[in-house]
Chemist: 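Sharing a structure here in structure tokens format.
Atom set for the values below is all heavy atoms of this structure, side chains included, hydrogens, waters and symmetry mates excluded. A, B, ... follow the sequence lines: proteins, then strands. Residue 1 opens every chain. Please read all numbers here as calculations on a predicted model, not as lab measurements.
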Amino acid sequence: MSILEVRDLTVTFPGGIQAVRGVSYDVAQGEVLGIVGESGSGKSVTSLAIMGLLPQNAVVSGSVKLHGQELLGMEEGELTRVRGKAISMIFQDPLSAFTPVYTIGEQIAEAVRVHQKVGKDKAARRAVELLDLVGIPHPDVRAKAFPHEFSGGMRQRAMIAMAIANDPDLLICDEPTTALDVTIQAQVLEVLKTAQAETGAGIVMITHDLGVIAGMADRVLVMYAGRPVEQGVVDDIYYRPRMPYTMGLLASIPRVDGEQDTLVPIEGNPPSPAALPPGCPFAPRCPMHIDACDDEEPPLTQIGGGRYVACIRSREIEHKGMTGADVFPVPVIPPSDVARVPREERETVLELDNLVRHYPLMKGAVFKRRVGTVHAVDGITFDIAEGETLALVGESGCGKTTTLQQIMQLTPPQSGRVVVLGKDSSRLDKAARKALRGDLQIVFQDPMAALDPRMPVGDIIAEPLRAHGRKNVSQRVAELLTLVGLAPEHAERYPQQFSGGQRQRIGIARALALEPKLIVLDEPVSALDVSIQAGVINLLEELKNRLGLSYLFVAHDLAVVRHLADRVAVMYLGRIAEIGAVENVYDRPAHPYTQALLSAIPLPDPEMERSRKRILLEGDLPSPADPPSGCRFRTRCPKFARLSEADKRRCVDEEPSVARLARAKDHGAACHYAEEIEVITASEHQEEQ
Amino acid sequence: MRSKVVLGRLLHNRQARYGGIALILLIALAYIGPYLGAYDWTDKDFLAFLSPPDADHWWGTTSIGQDMYAVTLRGMQKSIVIGLLVALFATGLAALVGAFAGYFGGWVDKVLMWGVDLLLVLPSFLIIAIISPRLRGASWLWFVVLLAAFAWMITSRVVRSMTLSLREREYVQAALYMGIPRWKIILRHIVPNLSSLLIIDATLNVSGAVIGEAALSFFGFGIQPPDVSLGTLIAEGARNATGYPWLFAFPAGLLVLLVLAINLIGDGLRDALDPGSNS
Ligand SMILES: Nc1ncnc2c1ncn2[C@@H]1O[C@H](COP(=O)(O)OP(=O)(O)OP(=O)(O)O)[C@@H](O)[C@H]1O
Ligand code: SF4
Ligand code: SF4
Ligand SMILES: [Mg+2]
């Protein structure tokens, strides 16, 4: 018996923007339906339409039935009663869902009292119970806290508590964990599972993360350009996709476990909802495209039990048993010449020696006084050889960006040394610094923020060239644009006129302009959709090999890191927890933090997700203003909890430093009791292949 | 590249085109118009005091028999120049001081903002009153400088606070990491991103200067009788606007036209500089 029945839902915004064009699905009691799709595919608009939360100017048609009762066109007062009682929604940004001036407890109690006739005390008690259920420590105390006093992960839990306050029949979660770190994401997903078990609700889980869906969903709906293009049981979608778009999507995600050689990008961009192609909306990007595809939009048709596909060639795909790699051309990336030289014989392009950066913690508005020190970066050491990629990974707030800034500034650090291409940053004069800048460039995370919106792209790329007095600027700009896969004519356009992936390519072109030796990449693909991300990752790899570049790559996505990096350094609270060659760290992590991090990453593989055991971490990252004594990780370390009292003493008193592990050549961990274990196990399905 | 692209967009912009044409016509009227009229602005027609517009005196006459057409155009010559120059100086100064203070911070910020605050609290009128007598014989351009000097402070504070947030943008950091000198970053990345604000401010300054100049003239500084400006004419005409509307309507109408033309150009420039708009 399905709780929610959506039929032919369409949403049109003024200006002929067809955001949603005929979505139909059912959600049964206790079932999790995952909705995936690229940014702008209409996932959020679909769920807002169901909740009746769209702006007035949106035209909605079709039917949405909750327990057989039509919600579309329902009167506002009645709808409010349904919302929050029978359906709840969990948003990406939990801060916007709470009013800043009331305590979390009051707001949850309020949600209870709106829909149930209970006394104030009882509602308050229920709020504490709910907070306890979602795993907030000391819920009675925490209920009296204000939203801003909660960390991101805790706020998301509180939001889940509020959403399940009235035992809803249906929970709609729109990117519930996108803003969170992986270890926190793992916690929140666990809470969501608990909440579902508690309420027996159906869940609609919207996300762009195919790993999260693999672990949560029973059935999956893939959306493209406002329409479902494939729908089916989770295993079918992941192991036997029948629509080229789904196949491409799955082939384009980097995996933490896998040995894919090259990612398969989907060329092009999703169509604009105001100007859709006549036939199949995926046709312009589809390698299997034939003339018949342009005749009319293929309807979502059933092929076998509970499976729907909108592609005229799906049967052929089925018969031939094609996979993503068969359909999409696998790009060939030339190998690197430098990689053949052993690491020790290569030049060192960057060396950090015990780098420290502390910030004073100030308090008071008028008379500022120092109340403490933020240990943003607290003594890190690593080096990068020519032609090598070192990735710096860790949760937000662990000091990755500060480290990059310290390197990029090329000024004397507070303590320690930064040596770029053999030149110590504390001994540079103005001219030498400027000359060195030509060899050291950066690509930023947000491709929109990093490009001046008021400058044509040609000027943006020409800027470093002019600043360093290079000749033939316009010719070089055209060359660079071609190098990153754009057209020279694009030079006259402004950054807004490009898609996210293209903008990142512009950022890369600018970084390459001066032919640097080392490029610092600050989360270069995290703002991009997976299918676009694959293209940029491949570009970075190709450029590195062709031009002999070295990268310092900062990322929180460990799957991307595995794919791109040669070596990896895991940071925790301003220090390096583990460092080494990628194979060593990923296959045999030795530090408990790395182990937890790796086990928290959702894999785009439903079978593996089901059989996996997670190492869940307790609590949040401690404040870098007040790191724990001894080992900084001990407050959350699962291993510490299992140690004997005598062994624990050492973790509390003595700060571990990175020590090379006995058996490995390039692998070190900062843990007194480091022990290599395997966390990502290969699934049976993979072994079959 | 940018100037070429912006110029191209500006020429394609309809508002900017109309505004530009209107401004050129107004300037032509101010400088060529007087040759078409029968009277000079210094002439006095003792047979027609306060006569309404007719075939002889196209725009009527004043209480002492001056030809309104000639006088108004004479006033407009001054006012166009004063308005445009004051706007240019005041907005330019506001942009530079605000952006430098906001971008550099530290003591540069402290010193510049201290200066701004000082100018804000000092009664500008008093200062002008003190300085004006010394400028009696000097070129009236000094007067422009004086007017501009007291019209930029509030905008520069706004510019400074906007710069504080622009400074943190990644593209500004990116420029620094590319080795671009800081003053160039300010001119190339900060000021263009404040252009919407600055253009609005400049258009407001044009009318502000024309009117402000009149207020000062009224107290005996700036443009002094027998010389006239649009501002003095409007101020005088306003007193008798109901009885002798032509004394007020023509100068006021021209000021409105001038401001409208400037506004159109400003809007066009804003669109041309803003890549988000596609007009
Ligand atoms: N209020 C609105 N007015 C006009 N267009 C809108 C509005 N809200 C959304 N759209 C458009 O509808 C389309 C679908 O948007 P939607 O937010 O559902 O995408 P999504 O799949 O949730 O993407 P994301 O992964 O980025 O959250 C987009 O093209 C968007 O620009
Ligand atoms: S219908 Fe044609 S264009 Fe669309 S996905 Fe199928 S093969 Fe590709
Ligand atoms: S040193 Fe102790 S607390 Fe730190 S990671 Fe190792 S076992 Fe855990
Ligand atoms: Mg969305």
Chemist: Applying side chain to side chain donor-acceptor pair (under 3.5 Å), can you list everything that pairs with Arg169(B), at least two apart in sequence or on another chain?
Modeler: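 Counting only residues at least two positions away or on another chain, Arg169(B) forms no side chain to side chain donor-acceptor pair (under 3.5 Å).
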Chemist: Please classify the contact of Gln441(A) with chain B as side chain, backbone, both or neither, using a heavy-atom distance under 4.5 Å.
Modeler: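 Looking at Gln441(A), just its side chain touches chain B.
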Chemist: Select, from Gln497(A), Met448(A), Gln445(A), Gln405(A), the one with the greatest count of heavy-atom pairs under 4.5 Å involving chain B.
Modeler: Gln405(A)
Chemist: Mind listing the closest non-hydrogen atom pair of Arg188(B) and Asp452(A) along with its distance?
Modeler: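 Smallest heavy-atom distance, with atoms named: O-OD2, 3.7 Å.
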Chemist: In Å and rounded to the nearest 0.5 Å, what is the CZ to OG1 distance from Arg433(A) to Thr411(A)?
Modeler: 6.5 Å
Chemist: Would you mind checking which part of Leu451(A) comes under 4.5 Å of any heavy atom in chain B, side chain (CB onward), backbone (N, CA, C, O), both or neither?
Modeler: backbone
Chemist: Who among Gly507(A), Ser474(A), Pro464(A) has the most heavy-atom pairs with chain B under 4.5 Å?
Modeler: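 Among the listed options, the one with the most contacts to chain B is Pro464(A).
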Chemist: Looking at chain B, which one of Arg493(A), Met455(A), Arg454(A) has the largest number of heavy-atom pairs inside 4.5 Å, strictly under?
Modeler: Arg454(A)
Chemist: Given heavy-atom pairs under 4.5 angstrom as the criterion, report whether the side chain, backbone, both or neither of Asp446(A) touches chain B.
Modeler: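 Both backbone and side chain.
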Chemist: Check for a donor-acceptor pair, side chain of Lys434(A) on one end and backbone N or O of Ala467(A) on the other, with a separation under 3.5 Å.
Modeler: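 Side chain of Lys434(A) to backbone of Ala467(A), a donor-acceptor pair under 3.5 Å: yes, one is there.
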Chemist: Can you confirm whether Ser196(B) sits close enough to Arg270(B) that some side-chain heavy atom of one is under 4.5 Å from a side-chain heavy atom of the other?
Modeler: yes
